[in-house]
K.L.:
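Let me begin by handing over the structure; questions about it come next.
Order of the sequence lines fixes the chain letters, A, B, ..., with proteins taken first and strands second; residue numbering starts at 1 for each chain.
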Number of protein chains: 4
Amino acid sequence: MNASDTTPQSESETPPRWRRRSDARPGEIVEAALELFVTKGFTATRMDEIARAAGVTKGTLYLYFPSKEDLFRAVVHETVVPRLEMGERLVAGHTGPAADLLRALVHAWWEKIGDSRLSYMAKLMTAESANFPELTRYYVEEVVLRARRIFASALRRGIESGEFRGDLPLHDAARLVLAPLVQGAAYRHSMLAFDPEPLEMTTYLDLHMDIFLRGIAKTAETETDA
Amino acid sequence: MNASDTTPQSESETPPRWRRRSDARPGEIVEAALELFVTKGFTATRMDEIARAAGVTKGTLYLYFPSKEDLFRAVVHETVVPRLEMGERLVAGHTGPAADLLRALVHAWWEKIGDSRLSYMAKLMTAESANFPELTRYYVEEVVLRARRIFASALRRGIESGEFRGDLPLHDAARLVLAPLVQGAAYRHSMLAFDPEPLEMTTYLDLHMDIFLRGIAKTAETETDA
Amino acid sequence: MNASDTTPQSESETPPRWRRRSDARPGEIVEAALELFVTKGFTATRMDEIARAAGVTKGTLYLYFPSKEDLFRAVVHETVVPRLEMGERLVAGHTGPAADLLRALVHAWWEKIGDSRLSYMAKLMTAESANFPELTRYYVEEVVLRARRIFASALRRGIESGEFRGDLPLHDAARLVLAPLVQGAAYRHSMLAFDPEPLEMTTYLDLHMDIFLRGIAKTAETETDA
Amino acid sequence: MNASDTTPQSESETPPRWRRRSDARPGEIVEAALELFVTKGFTATRMDEIARAAGVTKGTLYLYFPSKEDLFRAVVHETVVPRLEMGERLVAGHTGPAADLLRALVHAWWEKIGDSRLSYMAKLMTAESANFPELTRYYVEEVVLRARRIFASALRRGIESGEFRGDLPLHDAARLVLAPLVQGAAYRHSMLAFDPEPLEMTTYLDLHMDIFLRGIAKTAETETDA
DNA sequence: AATGAATGAGTTTTCATTCAT
DNA sequence: TATGAATGAAAACTCATTCAT
């Protein structure tokens with residue numbers, strides 16, 4: 001594996017290599033590739049398999065993507081790009097208790113992301129981070145940090161309104177809200193099949209919110225601390 | 001670097017091409033393989049690399065492990081086997097508040113597991129679950145379920161003693177305690193390098209415990225619920 | 001060798017690195033493999049050599065045969081399958097003296113088999129019997145037993161017509177007719193090159209038939225025996 | 001396989017490489033190697049297996065034989081050398097009918113050779129002839145030609161005494177006496193296991209002699225021919 | 001655009017041979 | 001002598017990529 005793609009991509013000059021060149025075809029290929037990459041990993045997935053899953057032949061792949069690595073990049077970009085704006089809009093447009101905002105974000109996350117192809121990304125990018133550093137950097141910036149900022153700003157809102165404890169370190173707290181979401185999504189795509197205990201995501205996330213919101217609520221005691 | 005070498009026994013002897021190391025060998029190989037498997041993934045790791053990292057030749061690998069897959073299995077087994085008993089003993093031997101037990105467990109987890117090779121396993125097994133189903137089953141049973149049971153019994157202790165809310169679904173709650181630990185460990189081995197925000201695990205886990213314990217504490221309100 | 005090459009279409013075109021040959025390919029590979037397997041043995045023959053002899057690259061071999069063993073099986077099956085019917089038809093369609101039938105069979109054997117690729121099989125299957133038991137079973141059933149039955153039924157015909165001695169054990173007698181044919185074929189493909197004495201197969205087989213037919217002819221003496 | 005050992009062996013100058021250097025050990029090794037070489041073929045037999053079968057370790061093999069090929073040569077030489085004299089003595093010492101001599105030779109062959117390790121050689125040398133040309137030459141001279149000469153001289157004796165037809169080409173006739181012996185021996189070591197029809201060698205050889213001797217007997221008819 | 005036969009560099013695996021003990 | 005851990009060259013096999021059709 002020599003995917004050390006550390007060359008800075010001057011995105012304004014060269015056209016991005018992953019952009020679809022035709023109509024429906026590339027989309028089907030990306031879809032098929034995503035599924036397989038997540039399940040088996042990048043290296044263990046063969047171009048042959050992707051082609052078969054997409055209903056084309058191996059040669060056709062190379063009509064749309066110059067290499068397997070470029071296909072991988074396309075998969076990541078196309079899956080990642082369009083999603084998180086909705087979260088940012090939710091935060092921007094929200095009035096009322098911050099707890100409600102947090103709950104809305106978590107449920108939106110689950111509906112729009114956790115239950116979608118993007119949730120595959122957590123597992124995929126974690127596994128391939130060392131093999132695709134440049135792509136990982138992109139993912140961290142475009143997804144991880146952006147998601148964390150969304151939740152951090154909801155938390156800040158609650159602190160400012162006096163709902164949440166004032167002593168919360170925002171970044172770590174945001175990480176803690178997100179951890180069960182991300183971990184749950186990855187688990188669903190990997191070990192859950194071998195777990196005798198069922199995992200009902202909505203119940204699980206409700207409980208998470210219940211505990212977490214109590215845990216960060218401003219109380220008489222915490223008020224004294226601040 | 002001069003010819004006047006003062007050590008008496010270094011005449012013109014060429015160092016032996018290899019030296020028998022017998023007992024230590026398999027362990028060194030497993031160690032090297034673990035590191036590489038976690039970093040690059042199973043398929044992307046070359047037997048050559050493992051050999052070089054272990055300071056032997058490719059052939060030697062096959063002296064101890066009949067195939068790459070068997071080496072992978074050995075890596076998982078040897079890393080997983082001996083750890084979790086300590087957690088079980090902690091629970092069994094504990095007297096006093098259940099909150100203290102939970103905090104002790106989390107810190108023990110971090111010291112004994114999160115900061116050790118075993119923490120690599122979460123990332124590795126998540127990535128390879130589809131490629132190694134039997135091994136994943138083994139891992140789920142020996143690690144995931146066992147860890148969850150440890151935390152679940154600490155939670156039950158707290159419920160029975162009246163410290164924690166009586167309405168906690170034990171399995172999901174245990175999952176929620178564990179999620180930030182596992183997620184944090186995996187993140188450290190993958191994307192953290194690209195994250196401008198530092199992650200101080202002890203601070204992070206203290207905050208987790210702080211929030212979580214407040215969140216499950218029995219209060220006037222929750223008492224009415226039960 | 002001059003620049004003045006007169007053929008009009010040989011401008012500066014490099015010949016294509018390869019040409020699709022589709023239907024012919026597997027047959028050519030089997031042919032090349034047979035030759036090498038017989039000469040050097042299964043294990044001592046390298047896939048590389050087979051590829052070179054067939055005018056393709058190693059990879060192409062695996063396009064048609066999933067493994068070296070499967071290629072070996074294909075070689076045996078393709079070589080063995082179509083031949084022996086002719087012998088069976090000869091027996092079925094024959095009228096006249098059984099001695100003539102036997103002579104016709106021996107000569108047909110030599111022309112259709114002994115001098116063809118199938119004669120290689122005796123040497124090959126003898127050498128590899130322990131390494132390919134299922135294939136040996138197939139070969140014994142499809143070739144050895146069938147050939148023996150053909151000769152046995154010719155012998156039976158002669159016994160019934162009173163030409164041949166009535167006390168002949170058919171199976172052993174058939175083995176004895178065949179032994180010089182098979183042995184001769186194997187010898188031709190192995191030691192004959194080192195034998196100063198020439199082996200003229202038609203002379204050799206004529207002598208065989210001459211001696212054998214006298215040896216099994218019904219005489220006054222043997223008539224008394226029966 | 002690069003066993004093209006065409007260099008002429010100056011046997012009087014260099015000591016033969018295959019000679020045993022110790023007492024019992026080399027004999028056991030040769031014995032084990034013979035068995036395996038015959039069963040699986042030279043290339044398919046691993047030094048490891050030979051060592052295990054001989055009850056020593058791989059390293060020990062190299063104490064006695066400088067290479068696998070040399071071990072093969074030792075196997076052939078030690079198995080082949082001492083046998084055929086007895087046949088030559090039988091011919092030299094015989095008085096009485098040549099038919100009896102021929103029968104005695106065939107039975108001696110079976111008892112001393114066909115049923116012994118030397119009978120393995122036919123299969124082994126046939127299979128490896130292309131890989132060991134020098135050795136095959138040796139085998140042809142020391143075994144094949146010698147055996148043929150023994151039978152040929154018995155036949156000549158019978159012709160001279162008027163028992164056998166005068167028109168027999170000696171070499172081909174000798175080949176025809178031998179073919180069922182050699183073929184039978186090879187078959188026993190390979191396909192017989194898959195043959196539903198039993199092969200009783202003494203019955204088989206008696207029938208062979210019976211037919212063959214009748215076939216070459218001088219009769220009124222053949223007398224006229226001569 | 002699409003195919004799929006063919007390639008060839010790279011990967012896992014094997015095994016005869018060596019050599020420190 | 002004997003061992004057996006270690007080697008390394010060579011073998012089987014894989015698969016991303018190319019290219020004639």
K.L.:
Take atom CD of C/E49 and atom P of F/dA11, then tell me their distance rounded to the nearest Å.
P.N.:
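Between P of F/dA11 and CD of C/E49: 8 Å.
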K.L.:
State whether D/T60 places a side-chain N or O below 4.0 Å from either non-bridging phosphate oxygen (OP1 or OP2) of F/dT3.
P.N.:
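The answer is yes; a side-chain N or O of D/T60 sits under 4.0 Å from OP1 or OP2.
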K.L.:
Need to verify one output field. Residue with the more 5' nearest nucleotide on DNA chain E, B/M47 or D/G59?
P.N.:
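Result: B/M47.
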K.L.:
Of C/F42 and D/V56, whose closest DNA chain F nucleotide lies nearer the 5' terminus?
P.N.:
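Whichever sits nearer the 5' end wins; that is D/V56.
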K.L.:
Is it true that D/E134 and D/R137 have a side-chain N and a carboxylate O under 4.0 angstrom from each other?
P.N.:
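Looking at D/E134 and D/R137, the cut-off is not met.
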K.L.:
Who are the side chain to side chain contact (heavy atoms under 4.5 Å, CB included) partners of B/S67, not counting sequence neighbours?
P.N.:
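Residues passing side chain to side chain contact (heavy atoms under 4.5 Å, CB included) with B/S67: B/E69, B/D70.
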K.L.:
Donor-acceptor pair, distance only, cut-off 3.5 Å: does the side chain of A/K68 make one with the backbone of A/F42?
P.N.:
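Side chain of A/K68 to backbone of A/F42: a pair is present.
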K.L.:
Does the ring centre of C/F65 sit less than 6.0 Å away from the ring centre of C/F72?
P.N.:
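No, ring centres 6.0 Å or more apart.
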K.L.:
Within the 4.5 Å heavy-atom criterion, are C/Y138 and C/V80 side-chain neighbours or not?
P.N.:
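C/Y138 reaches C/V80 side chain to side chain.
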K.L.:
Backbone N or O of C/T43 within a donor-acceptor pair of the C/R46 side chain at under 3.5 Å?
P.N.:
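Yes: the side chain of C/R46 pairs with the backbone of C/T43.
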K.L.:
Verify the contact: side-chain N or O of B/R25 to OP1 or OP2 of F/dA6, cut-off strictly under 4.0 Å; return yes or no.
P.N.:
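The answer is yes; a side-chain N or O of B/R25 sits under 4.0 Å from OP1 or OP2.
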K.L.:
List the atom pairs, with distances to 0.1 Å, where a side-chain N or O of residues 30-40 of chain A and a protein N or O form a donor-acceptor pair under 3.5 Å, not counting sequence neighbours.
P.N.:
{"residue": "A/E31", "atom": "OE2", "partner": "A/R117", "partner atom": "NE", "Å": "3.3"}
{"residue": "A/E31", "atom": "OE2", "partner": "A/R117", "partner atom": "NH1", "Å": "3.1"}
{"residue": "A/E35", "atom": "OE1", "partner": "A/R117", "partner atom": "NH2", "Å": "2.8"}
{"residue": "A/E35", "atom": "OE2", "partner": "A/Y120", "partner atom": "OH", "Å": "3.4"}
{"residue": "A/T39", "atom": "OG1", "partner": "A/E35", "partner atom": "O", "Å": "2.7"}
{"residue": "A/K40", "atom": "NZ", "partner": "A/E49", "partner atom": "OE2", "Å": "2.7"}

K.L.:
Which of residues 67-74 of chain C sit near DNA chain F, with a heavy atom under 4.0 Å from it?
P.N.:
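When residues 67-74 of chain C is checked for heavy atoms under 4.0 Å from DNA chain F, the hits, listed by number, are C/S67, C/K68.
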K.L.:
Does the side chain of A/Y64 get closer than 4.0 angstrom to OP1 or OP2 of E/dA2 through an N or O atom?
P.N.:
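Indeed, a polar side-chain atom of A/Y64 lies that close.
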K.L.:
Could you check how far CG of D/L61 sits from P of F/dA5, rounded to whole Å?
P.N.:
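That distance rounds to 16 Å.
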K.L.:
Please report the distance, rounded to the nearest Å, between CD in C/E28 and P in E/dA5.
P.N.:
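From C/E28 CD to E/dA5 P: 15 Å.
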K.L.:
What residues form a side chain to side chain contact (heavy atoms under 4.5 Å, CB included) with D/T136, not counting sequence neighbours?
P.N.:
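Side chain to side chain contact (heavy atoms under 4.5 Å, CB included) list for D/T136, sorted by chain: C/M191, C/F194, D/M125, D/S129, D/V140.
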K.L.:
Any idea which of F/dT7, F/dC13, E/dA2 is nearest the C/Y62 side chain?
P.N.:
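The answer is F/dC13.
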K.L.:
In whole angstrom, what separates A/F65's CZ from E/dA2's P?
P.N.:
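Whole-Å distance recorded here is 12 Å.
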K.L.:
I need the CG-P distance between A/D48 and F/dT18, as an integer number of Å.
P.N.:
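A/D48 atom CG is separated from F/dT18 atom P by 15 Å.
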K.L.:
Would you indicate which nucleotide in E/dG4, E/dA2, E/dT12 comes nearest to any side-chain atom of B/K58?
P.N.:
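Taking heavy atoms from C-beta onward, the closest nucleotide is E/dT12.
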K.L.:
For DNA chain E, just give me the dot-bracket, please: Watson-Crick or G-U, both distances below 3.5 Å, ( ) intra-strand, [ ] crossing earlier pairs, | paired with another strand, . unpaired.
P.N.:
.||||||||||||||||||||
K.L.:
Base, sugar-phosphate or nothing for A/T45? Non-hydrogen atoms, less than 4.0 Å.
P.N.:
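Sugar-phosphate: the residue A/T45, judged by heavy atoms under 4.0 Å, touches backbone atoms but no base.
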K.L.:
Taking only the side-chain heavy atoms of D/L63 (C-beta and beyond), determine which of F/dT1, F/dA5, E/dG4 contains the nearest atom.
P.N.:
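Closest nucleotide among those given: F/dT1.
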K.L.:
Of the listed nucleotides (F/dT7, F/dT3, E/dT11), which one gets closest to any side-chain atom of B/R46?
P.N.:
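Per side-chain heavy atoms of B/R46, the pick is E/dT11.
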K.L.:
With sequence neighbours excluded, what pairs up with B/T60 under the side-chain hydrogen bond (donor to acceptor under 3.5 Å, both in side chains) test?
P.N.:
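B/T60 satisfies side-chain hydrogen bond (donor to acceptor under 3.5 Å, both in side chains) with B/T57 once adjacent residues are dropped.
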K.L.:
How would you list, by chain and number, every residue that makes a side chain to side chain contact (heavy atoms under 4.5 Å, CB included) with B/Y62, sequence neighbours excluded?
P.N.:
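Side chain to side chain contact (heavy atoms under 4.5 Å, CB included) list for B/Y62, sorted by chain: B/M47.
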